[in-house]
Amino acid sequence: MEDKDVRVRYAPSPTGIPHVGNIRTALFNWLFARHNGGSLIVRIEDTDQARTQEGAIQAILESLRWLDIDWDEGPEVGGDFGPYLQSERLDIYDRYARKLLESGAAYHCYCSAERLKAARDEQSRLKQMPVYNGRCRDVSEDEAKASGDTDIPVVRFRVPTGRTITFNDRIREKVSFDSDILGDFVLIKTDKFPTYHMANVVDDHLMKISHVLRAEEWLSSTPRHLLLYEALGMIPPQYGHLPIILGPDRSKLSKRHGAAALLDYRGLGFVPDAMVNYLALMGWSLDDHTELFARNELVEHFALERVGKTGAIFDITKLSWMNGVYLRDMPAGRFVEDALPILESKLPPAVPRPLDRAYAERVLPLLQERIKTLEELPEIAAFFFADEISHDPAALIPKKMDRDATISALNAAATNLDPLESWDPDSLEALLRPLAPDLGIKTGQLFGALRVAVTGRTAAPPLFDTMSVLGRERCMKRIQDAVNLLTYPTDAG
RNA sequence: GCCCCUAUCGUCUAGCGGCCUAGGACACCGCCCUUUCAAGGCGGAGAUCACGGGUUCGAAUCCCGUUGGGGGCACCA
């Protein structure tokens, strides 16, 4: 299917930090826009004065920026169809509400919130559909006002009865609803702000939106929107309802599932390209085997036809794997840029700052292919930067060796190492590899003891590279410390 | 309660009537490589295609029903 003159929008409400699912919707809109050479509009739906949160808009834009999702119209960039904050468009909605009032497609309702709440409770008690019971629907304005219990009316849409609304969803194909279950919904609230339904329809029309790609939770309000377009004499956009992202328990992903805000993942050491790649695969796929996509490949291949219908559980394990792939494929220079700030802030306070950049540039390549997230870095890099490391005597002694044998092996290594002229990996290996058979032990045993002596860990990057980067002084001191520890064990140890 | 959507390995998914004794990936388990850890290579286990009826020479693929899951039913979006 050809899609021409594509104008899509990402229309979040600034009620908090955007979640993964929310940004996935933004990503799909972006991919669709870029694939078709269209535009992405960002529109802030701040029509709920009570729930609007300070800083939320910044968090939204920051999330988009982190993933490098750029928008053609909206906050900060402007555009020909602004303003892009709904709270600045109140007069526009008012104008359309009047139109509907005049044509009889809408009416004033003088029922108070309390009364409606009571009615709803009663309805659900009787196991009925909790919709507006239409008290003000079929009486004159004066009668409604007279029998009402509030002076400030809301504007309600008069939903036609006995209609079947059918539409062709781009993802779900044919969907239909019976208008009788809809209930007359509110268009303009008592505070003069529009509801989502009203603002959404008016703005999508005015902003010439061609496709509405939104989460599945909106599917059942689509008939309302279609009816509104009809009453306004406007042509509706095409709709596509995206599958929802779920938590491990299969309910909509939310805070109680742990990291749910997109930006949480930045803090957890994920890189944006991996995040974009993974998110694209939440509900979309190209074929039966490709899953690593560069951004431009995503744009090139993205198609609504290949978006799935079922909710997808967000699997951080697979995301981690993918992040590891991106980290390993990253040019060393980029990796250093990404890694340095984390090291700078998360290494123990005892490590002097700022870090020695040249030294870090030698350390980081040894670590790059050993982590899945940047957050793992400080922990495995610590021994490179710390002056003092602690040894676990038990770990120091290799399998099938005893304490004395370990001490002599370490001493022998130190003695041989001492006169070594150049402290590079090849020289170190040339010297140490033959030493094991001389001592009557296996290379694995010698190297193992040295590794723990020099790094304090049983798992570390390749020994000779590690020793070379650490430098002669640190290595010799740590070997000596290990020998001392084994020779004079402390009671506490 | 009502409405809508949906249903393939634990998870993400391929499959759009015969290429399927169901393919890939993550995770898991072995083996190889190897000084450890990673990475990589090879192999394994893992889905009676939710269930029951149809349609058809033939169904994971089409239709109906059941069940499960999700979403919605506000002066929230």
Side-chain angles (χ1 to χ4, degrees), chain A residues 11-15 45-48 50-51 109 111-113 116-117 120 123-132 150 152-156 169 171-172 175-178 180-183 185-191 193-197 199-200 215-223 241 243-244 246 248 250-252 278 281-292 306 308-315 317-322 324-325 328 366-372 380 429 432-433 436 442-452 455 457-464 466:
Chain A
S13 62
T15 53
E45 309 221 326
D46 56 344
T47 55
D48 185 341
R51 289 206 310 152
C109 171
C111 297
S112 67
L116 294 169
K117 172 91 166 65
R120 263 202 309 281
Q123 281 169 328
S124 68
R125 198 181 61 78
L126 294 171
K127 302 209 182 296
Q128 292 172 348
M129 187 100 167
V131 293
Y132 179 65
T150 171
I152 311 156
V154 298
V155 177
R156 261 183 210 281
D169 191 275
I171 291 165
R172 271 146 234 288
V175 181
S176 54
F177 290 85
D178 185 340
D180 292 335
I181 61 147
L182 261 25
F185 52 97
V186 172
L187 262 20
I188 304 286
K189 302 181 266 188
T190 47
D191 63 2
F193 275 65
T195 58
Y196 170 82
H197 304 302
N200 184 71
E216 192 192 344
E217 52 197 290
W218 297 108
L219 188 60
S220 51
S221 53
T222 306
H241 289 90
I244 288 184
L246 311 168
R250 293 211 146 274
S251 68
K252 204 158 67 162
Y278 181 73
L281 260 19
M282 295 259 87
W284 173 84
S285 66
L286 175 65
D287 54 29
D288 63 347
H289 64 281
T290 318
E291 48 187 359
L292 260 14
R306 297 207 57 88
K309 299 178 170 75
T310 60
I313 295 176
F314 189 84
D315 180 12
T317 308
K318 183 151 185 175
L319 203 212
S320 297
W321 162 76
M322 192 170 276
V325 172
R328 288 193 292 276
L366 297 179
L367 270 16
Q368 186 168 356
E369 65 167 36
R370 295 185 161 69
I371 55 169
K372 287 189 163 65
I380 68 163
E429 180 162 11
L432 291 170
R433 192 172 286 280
K442 299 197 164 173
T443 51
Q445 293 175 308
L446 205 220
F447 295 171
L450 274 170
R451 175 177 306 106
V452 177
T455 70
R457 308 170 55 100
T458 51
L463 183 59
F464 309 118
T466 301

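Just so it is clear: chains get the letters A, B, ... in the order the sequence lines come, proteins before strands, and each one is counted from 1. Note that this is a predicted model, so its numbers are computed, not measured.
The nucleotide whose nearest atom lies closest to any side-chain atom of A:Ala459 is, among B:rA77, B:rC37, B:rU6, B:rC37. Nearest to the side-chain atoms of A:Asp288 among the listed nucleotides B:rG23, B:rC76, B:rU13 stands B:rG23. Checked against B:rC26, B:rA39, B:rC75, the side chain of A:Lys318 finds its nearest nucleotide in B:rC26. Candidate nucleotides B:rA77, B:rC3, B:rU6 were compared by shortest atom distance to the side chain of A:Arg172, and B:rU6 ranks first. Of the listed nucleotides (B:rA27, B:rC4, B:rG72), B:rA27 has the atom at the smallest distance from the side chain of A:Lys372. With distances taken from any side-chain atom of A:Thr310 to the nucleotides B:rU6, B:rC2, B:rC75, the minimum falls on B:rU6. For A:Phe177, the listed nucleotide lying nearest its side chain is B:rC4; candidates were B:rC76, B:rC4, B:rG71. When the nucleotides B:rC75, B:rC4, B:rU6 are ranked by their closest atom to the side chain of A:Leu219, B:rC4 comes out on top.
Backbone-only engagement by A:Arg156 is indicated by non-hydrogen atom pairs under 4.0 Å involving sugar-phosphate atoms exclusively. A:Thr317 comes within 4.0 angstrom of sugar-phosphate atoms only, judged by non-hydrogen atoms across all strands, and of no base. Within the 4.0 angstrom heavy-atom criterion, base atoms lie near A:Pro461. Within the 4.0 angstrom heavy-atom criterion, base atoms lie near A:Cys111. Residue A:Phe464 is classed as a base contact, given a heavy-atom separation below 4.0 Å to a base.
Comparing A:Gly311 and A:Ser112 by the nucleotide of RNA chain B that holds the closest heavy atom to each, the one mapping nearer the 5' end is A:Gly311. A residue-by-residue look at A:Asp315 and A:Trp321 shows that A:Asp315 has its nearest nucleotide of RNA chain B further toward the 5' end.
In this model, the phosphate group of B:rG15 is approached by a side-chain N or O of A:Arg306 to a distance below 4.0 Å at OP1 or OP2. Under 4.0 angstrom from either OP1 or OP2 of B:rC3 there lies no side-chain N or O belonging to A:Ser220. Look at A:Ser13 and you won't find any side-chain N or O under 4.0 angstrom from OP1 or OP2 of B:rC76. Of the side-chain N and O atoms in A:Arg120, none sit less than 4.0 angstrom from OP1 or OP2 of B:rC2. Taking 4.0 angstrom as the limit, A:Arg250 places a side-chain polar atom (N or O) nearer than this to OP1 or OP2 of B:rC12. Distances shorter than 4.0 Å separate none of the side-chain N or O atoms of A:Lys309 from OP1 or OP2 on B:rU13. Residue A:Lys189 places at least one side-chain N or O under 4.0 Å from the OP1 or OP2 atom of B:rC76.
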Working for salt bridge (charged side-chain N to carboxylate O under 4.0 Å, His left out), residues A:Lys318 and A:Asp315:
CA-CA 6 Å; A:Lys318 183 151 185 175; A:Asp315 180 12; over 6 Å; no
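Under the Watson-Crick or G-U wobble criterion, with both distances below 3.5 Å, B:rA50 is paired with B:rU66. B:rA25: Watson-Crick or G-U partner is B:rU11, with both key distances under 3.5 Å. With a 3.5 Å ceiling on both atom-pair distances, B:rU55 lacks any Watson-Crick or G-U wobble partner.
Rounding to whole angstrom units, CE of residue A:Met322 and P of B:rA27 are separated by 11 Å.
Legend: residues meeting ring-ring contact (aromatic ring centres under 6.0 Å, His included) with A:Tyr196, ordered by chain and number and at least two apart, are A:Trp218, A:His225.
Comparing the same atom, C1', in B:rG46 and in B:rG30 gives a spacing of 15 Å after rounding to whole Å. Look at the P atom in both B:rG52 and B:rU67: the space between them is 15 Å, to the nearest Å.
Here the closest heavy-atom approach between residue A:Pro243 and residue A:Gly283 is recorded as CG-CA, 4.2 Å.
Side-chain atoms of A:Arg370 and base atoms of B:rC37 include a donor and an acceptor less than 3.5 Å apart.
One N or O on the side chain of A:Thr195 and one on the backbone of A:Val186 form a donor-acceptor pair closer than 3.5 Å.
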